[in-house]
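In what follows, a single structure is set out as structure tokens and then discussed.
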Amino acid sequence: MADDSGCFGQLARHDSAITTVAAGQVTARIEGPFFSWLDSVWGRKAVRAPEHYPADFTLGWLGYLGYELKAETGGAATAQVSSPSTAGPLPLPAAALLFAGLAVVLDHHDDCLYVLSLTSIQHPASSAEAKEFLASVRSAIHTAEHGTTTGNKPAAAPPAVTPIPHFTARDGELRYKEMIAAAQAEIYDGNSYEICLTTQLEARTPDKVDAWAAYAALRKRSPAPFAAFMRLNSLSICSTSPERFLRISSEGLMRAEPIKGTRRRDVNPDIDDALKQDLATSLKDRAENVMIVDLLRNDLSHFALPESLTVPRLCAIESYATVHQMVSTIEAQLAPGSSRAQALAAAFPAGSMTGAPKISTMAILDSLEAGPRGIYSGAIGYFSLNAALDLSVVIRTLVLQDTHDGGTHLSLGIGGAITADSQDEAEWQEIQAKAYGVLSTLGADFPC
């Protein structure tokens, strides 16, 4: 848990080949690719974690990398779609990161909490900020334990997510199935062998949606290992992603864990087991997964020690609150002297969100999809001062933007991998299953 407060706090936004970095009253504009800027501010071990500290995050940059950064990694730039109304959302930056010099890390395994600060309580020149932050954390813990109301009553639960949004689909059923047919025509012509086709659901509410309440409800309804909440002025991101994109440890171990293959959960245990078994034995889903594993092996190999590239887990089944997923793990050791930011760029965007081969398939997707993906299909996570990073794939993620008229614009990206033997109705049902966790939490229905 962190923000850009304190004497080290900064906010960086990248768009149109310019990274704008704001720190207090000072703003700097750096021209050039995002990954080059990232390489200049991160990737070298600036701090070391204390001996018994269990986490990889030791302060640093946190935020998102949007899918449109593909323009720097072999893809083409995608034109932004401007809202026709002044009440609509503003275009989002291609990437946004904040620098945290203060943070709280919660260790749920050992049931303890760590307070991180780049300033020292013992250092006379900087102790005031560290002491003030530590006092605020202690106060928050006391409030959480004893409640905010009089006596010892617990604090009130967050309000329900209101109003209920009514979503529309960027591509309806007929259009999405036409896109599937077009994708398969590209596959039959030999231009790709797996195309991760996506679309988006969008809604507008006349009143402002409480983004934190929405995230709390999503976490309760669909807990996921890479859940994340981020607020940047009028933008809020509520992610319940189950998928790791890329982790690089401080020692240079790279790990990707792509998901390909999904089945809905069922309240009937027998039906639920049958759905899980159907996924585990599906030749189509296994083929999709193996294709992406092969692609990611290639992505990681550009900056890896060749003999270190392994696949310790292939097509395993993981079960979450609303879906079963097929997951694999690819690992490799970063070659000594390699740029971590460039190793990330070599793997971006996640192959599980493009298809394979990546470059030609991204071009096909540009021709099929109706608009930019934005944050969806990108990555969320941190770039730590000990040179570690951990990023999730932006799926199962609700993006909320305040509008000028006091309302909220909501978007939810969904999609699936198309192969030669995909059935359009099954693919249409799959994207509904993927949207269900978020939509049901909001009380919303999948648009007809």
Side-chain angles (χ1 to χ4, degrees), residues 64 83 85 87-90 92 156-173 176 198-243 262-267 319-325 371 373-378 380 392-416 428-448:
Y64 78 81
S83 172
S85 169
L90 295 173
L92 295 174
V161 179
T162 56
I164 295 175
H166 296 283
F167 284 87
T168 59
R170 177 180 288 182
D171 304 287
E173 179 178 358
Y176 192 73
T198 77
T199 185
Q200 290 201 19
L201 307 182
E202 297 179 282
R204 282 198 66 251
T205 60
D207 300 317
K208 185 176 179 180
V209 173
D210 186 332
W212 176 251
Y215 176 66
L218 285 170
R219 274 190 66 109
K220 184 176 181 180
R221 176 71 180 88
S222 301
F226 299 101
F229 177 79
M230 185 176 184
R231 178 179 284 140
L232 292 168
N233 300 319
S234 62
L235 167 68
S236 296
I237 303 169
C238 304
S239 179
T240 56
S241 174
E243 182 174 358
T262 304
R263 295 292 185 277
R264 65 176 177 85
R265 299 296 304 270
D266 197 278
V267 293
S319 297
Y320 299 93
T322 60
V323 291
H324 301 293
Q325 305 268 208
R373 295 183 181 184
I375 297 172
Y376 172 62
S377 296
I380 293 176
S392 67
V393 180
V394 183
I395 57 175
R396 320 290 197 272
T397 298
L398 187 67
V399 177
L400 304 95
Q401 293 174 266
D402 298 338
T403 55
H404 295 301
D405 62 355
T408 299
H409 177 272
L410 305 93
S411 64
L412 174 66
I414 46 176
W428 179 247
Q429 292 299 321
E430 180 175 323
I431 66 170
Q432 293 184 57
K434 291 175 176 177
Y436 177 76
V438 173
L439 295 182
S440 62
T441 301
L442 301 176
D445 296 319
F446 194 92
C448 298

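As the structure is a computational prediction, the values presented were derived from the model and not from experiment. FYI, the numbering just counts along the sequence from 1.
Ser239 contributes no side-chain N or O that, together with a main-chain N or O of Ala228, makes up a donor-acceptor pair within less than 3.5 Å. The closest donor-acceptor contact from the side chain of Thr408 to the backbone of Val209 lies under 3.5 Å. Judged purely by atom type and a 3.5 angstrom limit, Thr397 uses its side chain to pair as donor or acceptor with the backbone of Ile395. Remark: side-chain polar atoms of Arg265 are paired, donor with acceptor, to backbone N or O of Tyr320 under 3.5 angstrom. Thr240 places a side-chain N or O within 3.5 Å of a backbone atom of Arg396 that can act as its donor or acceptor partner.
The nearest pair of heavy atoms linking Gly437 to Ser222 is CA-OG, 3.8 Å. Summarising the geometry of Lys434 relative to Gly416, their closest heavy-atom pair is NZ-CA, 3.7 Å, with the distance given to 0.1 Å. Here the closest heavy-atom approach between residue Ala444 and residue Pro165 is recorded as CB-O, 3.4 Å. Contact detail for His166 and Ala203: the closest heavy-atom pair is O-CB, 3.5 Å. The minimum heavy-atom distance linking Thr403 with Arg204 is given by the pair OG1-NH2, 3.7 Å. Between Leu201 and Ala435, the closest heavy-atom pair is CD1-CB, 4.3 Å.
Taking OH of Tyr176 as the reference point, atom CH2 of Trp428 lies at 8.0 Å (rounded to 0.5 Å). The CG atom of Leu412 sits 8.0 Å away from the OH atom of Tyr376 when rounded to the nearest 0.5 Å. The distance from the OG atom of Ser236 to the NZ atom of Lys208 is 7.5 Å, given to the nearest 0.5 Å. Taken to the nearest 0.5 Å, the CG atom of Leu410 stands 5.5 Å off from the OG1 atom of Thr205. Rounding to the nearest 0.5 Å gives a distance of 5.0 Å between CG of Leu92 and CD1 of Ile375. We find the CD1-CD1 distance between Ile380 and Ile237 to be 4.5 Å, quoted to the nearest 0.5 Å.
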Between Tyr436 and Arg221, is a side-chain contact (heavy atoms from CB on, under 4.5 Å) present by the stated rule, with each step listed?
CA-CA 11 Å; Tyr436 177 76; Arg221 176 71 180 88; 3.2 Å; yes
Could you give me the CA-CA distance, side-chain angles and deciding distance for Thr198 and Arg373, then say whether side-chain hydrogen bond (donor to acceptor under 3.5 Å, both in side chains) is met?
CA-CA 8 Å; Thr198 77; Arg373 295 183 181 184; 3.2 Å; yes
Evaluation steps, side-chain contact (heavy atoms from CB on, under 4.5 Å), between Thr441 and Leu398
CA-CA 11 Å; Thr441 301; Leu398 187 67; over 6 Å; no
Apply the test side-chain contact (heavy atoms from CB on, under 4.5 Å) to residues Ile414 and Thr199: give CA-CA distance (whole Å), side-chain angles for both, the deciding distance (0.1 Å), then the verdict.
CA-CA 6 Å; Ile414 46 176; Thr199 185; 3.8 Å; yes
Tyr64 vs Val399, side-chain contact (heavy atoms from CB on, under 4.5 Å): CA-CA, chis, key distance, verdict:
CA-CA 12 Å; Tyr64 78 81; Val399 177; over 6 Å; no
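Contact annotation: the side chain of Ser319 approaches that of His324 to within less than 4.5 Å [non-hydrogen atoms, C-beta and beyond].
In this pair, Tyr215 and Phe229 present their aromatic rings tilted. The plane angle is within the 30 to 60° band.
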